[in-house]
Amino acid sequence: MASSDAAAAMDLRDRSDLYVALVAGLCTVGLTLALEYGAGVEVSFVYRLSPLVPYFAFVFTRGAALSTRAWMALVAAVTLGTFGFFAF
C-alpha cells in the first residue's frame, strides 16, 4: 500500500492539471459572458464550450510533450478564436 500512497502524493505535487483546468474554466465562463453581454450575440451552448476541447485533449494525451504554458495558451487561443468568429 505504500506505493499507492506515494503515487497519490506525486499526483498532488503535479499541479499542471489544475492550472490547465483553471484556465479552461475561466475561459469558458469569460467567453460566455463576453459573447452575451459584451458582443450581444446569442451563441449555441456547444460553441461556448469550445475552450474545453484543448483541455480534454490535454487530459487524454497527458500533456503530449507540450508544456503546461503551451496548453494554457492553446486554450486561450481557442477562446479568442471562438470569440472573434462569433463577435465579428
Side-chain angles (χ1 to χ4, degrees):
M1 291 307 277
S3 63
S4 65
D5 291 339
M10 282 302 289
D11 287 341
L12 290 176
R13 288 186 205 137
D14 183 27
R15 296 182 183 203
S16 61
D17 290 345
L18 177 66
Y19 295 143
V20 177
L22 180 64
V23 169
L26 290 175
C27 284
T28 302
V29 171
L31 178 64
T32 299
L33 294 175
L35 285 172
E36 287 187 13
Y37 299 114
V41 179
E42 184 67 31
V43 178
S44 174
F45 181 68
V46 173
Y47 295 116
R48 289 184 280 148
L49 294 178
S50 65
L52 296 179
V53 172
Y55 171 68
F56 285 122
F58 169 77
V59 169
F60 291 129
T61 61
R62 298 306 302 156
L66 291 176
S67 69
T68 303
R69 287 184 182 180
W71 282 105
M72 291 188 296
L74 183 61
V75 169
V78 167
T79 303
L80 290 174
T82 304
F83 179 77
F85 181 78
F86 287 108
F88 299 112

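What's counted below: heavy atoms across the whole structure, side chains too, no hydrogens, waters or symmetry copies.
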Which pair of non-hydrogen atoms, one from [X] and one from [Y], has the smallest distance, and what is that distance?
{"X": "Pro54", "Y": "Trp71", "answer": "O-CZ3, 3.5 Å"}
{"X": "Val75", "Y": "Ala24", "answer": "CG1-CA, 3.7 Å"}
{"X": "Thr28", "Y": "Pro51", "answer": "OG1-CB, 3.6 Å"}
{"X": "Asp17", "Y": "Tyr55", "answer": "O-CE1, 4.2 Å"}

Please tell me whether [X] and [Y] are part of a single hydrophobic cluster in this structure, the criterion being side-chain heavy atoms less than 4.5 Å apart.
{"X": "Phe58", "Y": "Leu66", "value": "yes"}
{"X": "Val41", "Y": "Phe83", "value": "yes"}
{"X": "Val59", "Y": "Val23", "value": "yes"}
{"X": "Met72", "Y": "Val53", "value": "no"}
{"X": "Leu80", "Y": "Leu52", "value": "no"}

Do the side chain of Ser67 and the main chain of Ala70 share a donor and acceptor less than 3.5 angstrom apart? yes

Hey, what do you get for CZ (Arg62) to OG (Ser16), rounding to the nearest 0.5 Å? 7.0 Å

Would you compute the distance between atom CG of Leu31 and atom CG of Leu26 and round it to the nearest 0.5 angstrom? 12.5 Å

Parallel, tilted or perpendicular: which one describes the rings of Tyr47 and Phe86, with boundaries at 30° and 60°? tilted

